[in-house]
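Reviewing the structure listed below.
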Amino acid sequence: MKDLYGYICNTNAEDFKLTIRIVEEATKQSISDELDIARKCVQEGIAYEEAEELGFNYAAKNGRIKNYILYYKQMLQAGKLIGYNEEIKNNEVEKIYNNIVSGKQNENYVGMDERIALSVAAKYISTLNDHEFLQLLKDTQMITDEQEKSLTRKYKDIPNLKEEAYVAKRWKEISKAQKEATHDVEDTNQEQK
């Protein structure tokens with residue numbers, strides 16, 4: 001933790017302002033992307049398929065998109081347009097963003113203070129070498145003794161190194177194929193329009 005304090009103490013005002021701007025822009029872009037997904041589902045009558053990629057659970061993101069879908073359905077029922085008018089979209093993004101900043105947003109959102117803290121932490125972690133990162137995990141009790149042993153194994157101590165490497169390589173191939181298939185489907189949808 002001493003290193004983290006040192007890192008934060010060495011962060012100047014300009015670094016911090018830049019971090020806040022990056023977090024603001026990233027948050028607004030995420031909101032905009034989620035609104036686009038919801039609008040597309042409603043306009044094209046496509047059911048929203050919940051995302052779950054590479055073992056990560058996107059429950060909060062899925063919840064937000066479902067809320068936006070309900071919002072756009074209500075707008076349609078009220079006879080309001082939900083087209084891609086940039087001014088309307090930007091107003092929607094600003095309204096949602098301001099709610100996040102003021103803490104009025106629902107539990108599916110991480111507050112701005114936490115987003116900024118995560119961004120600073122990510123910058124700090126990116127400066128660490130492998131040994132320092134492992135020490136940070138141990139100091140913060142984020143890994144068990146068993147996980148630490150696994151992370152610090154020597155090649156000679158791994159009996160089935162080739163098998164493990166094969167599984168990792170195969171996983172990368174499958175992941176790459178899934179991404180390419182997703183892009184192919186998106187490209188086909190764009191061409192059909």
Side-chain angles (χ1 to χ4, degrees), residues 13-126 142 168 170-193:
E14 288 305 311
D15 289 339
F16 192 67
K17 285 178 189 171
L18 178 63
T19 299
I20 291 173
R21 277 202 306 274
I22 290 169
V23 170
E24 286 174 352
E25 290 307 312
T27 303
K28 288 178 181 179
Q29 187 58 53
S30 295
I31 295 167
S32 179
D33 292 346
E34 290 168 6
L35 287 171
D36 284 343
I37 292 168
R39 192 181 285 113
K40 186 175 180 183
C41 287
V42 172
Q43 285 180 325
E44 297 180 13
I46 301 168
Y48 173 62
E49 291 186 26
E50 293 193 2
E52 189 164 336
E53 302 168 19
L54 304 176
F56 293 108
N57 187 339
Y58 288 91
K61 180 177 181 178
N62 291 328
R64 292 192 301 266
I65 292 172
K66 285 180 180 178
N67 287 340
Y68 297 148
I69 288 171
L70 286 174
Y71 167 69
Y72 285 129
K73 282 183 178 175
Q74 289 169 352
M75 287 185 76
L76 268 184
Q77 289 169 351
K80 297 179 181 174
L81 294 174
I82 62 166
Y84 282 87
N85 179 317
E86 281 301 312
E87 187 179 343
I88 292 172
K89 181 178 164 184
N90 290 337
N91 288 340
E92 289 169 345
V93 170
E94 280 298 322
K95 182 179 174 186
I96 294 165
Y97 174 78
N98 289 334
N99 284 342
I100 296 170
V101 172
S102 65
K104 293 178 186 172
Q105 204 58 45
N106 65 33
E107 69 281 357
N108 286 333
Y109 275 99
V110 175
M112 286 307 293
D113 52 350
E114 190 174 344
R115 286 171 187 253
I116 292 166
L118 288 171
S119 181
V120 169
K123 281 185 179 179
Y124 165 67
I125 289 169
S126 71
M142 293 182 73
R170 186 70 186 117
W171 173 250
K172 283 182 182 176
E173 290 170 357
I174 291 169
S175 177
K176 184 179 176 185
Q178 287 176 334
K179 285 180 183 174
E180 287 173 357
T182 303
H183 288 298
D184 289 345
V185 170
E186 288 175 1
D187 293 343
T188 305
N189 289 341
Q190 292 295 331
E191 289 171 8
Q192 290 175 351
K193 289 182 183 179

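All values reported here derive from a predicted model rather than from experimental measurement. What you see below is based on every heavy atom in this structure, not just the backbone, and it leaves out hydrogens, waters and symmetry mates.
Minimum heavy-atom separation, Ile20 to Ile116: CG1-CD1, 3.8 Å.
The structure places CG of Asn91 at 12.5 Å from NZ of Lys89, a figure rounded to the nearest 0.5 Å. The distance from the CD atom of Glu25 to the OG atom of Ser30 is 11.0 Å, given to the nearest 0.5 Å. Distance check, rounded to the nearest 0.5 Å: CD1 of Ile88 to CE of Met75 gives 6.5 Å. Atom CZ of Arg115 and atom CD1 of Ile22 lie 14.5 Å apart (nearest 0.5 Å). The line from OG1 of Thr19 to CD of Glu24 is 11.0 Å long, rounded to the nearest 0.5 Å. Distance check, rounded to the nearest 0.5 Å: NZ of Lys28 to CD1 of Ile100 gives 10.5 Å.
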Exercise for the section: Could you walk me through whether Asp33 and Gln29 pass side-chain hydrogen bond (donor to acceptor under 3.5 Å, both in side chains), step by step? Expected result: CA-CA 6 Å; Asp33 292 346; Gln29 187 58 53; 2.8 Å; yes

Practice task
Before giving the answer on side-chain contact (heavy atoms from CB on, under 4.5 Å), spell out for Val120 and Tyr124 the whole-Å C-alpha distance, their side-chain angles and the decisive distance to 0.1 Å.
Solution key: CA-CA 6 Å; Val120 169; Tyr124 165 67; 5.6 Å; no

Handout entry: Derivation of the side-chain contact (heavy atoms from CB on, under 4.5 Å) call for Glu92 and Tyr68
Key = CA-CA 10 Å; Glu92 289 169 345; Tyr68 297 148; over 6 Å; no

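A donor and an acceptor atom, one from each side chain of Glu94 and Asn90, are nowhere located under 3.5 Å apart.
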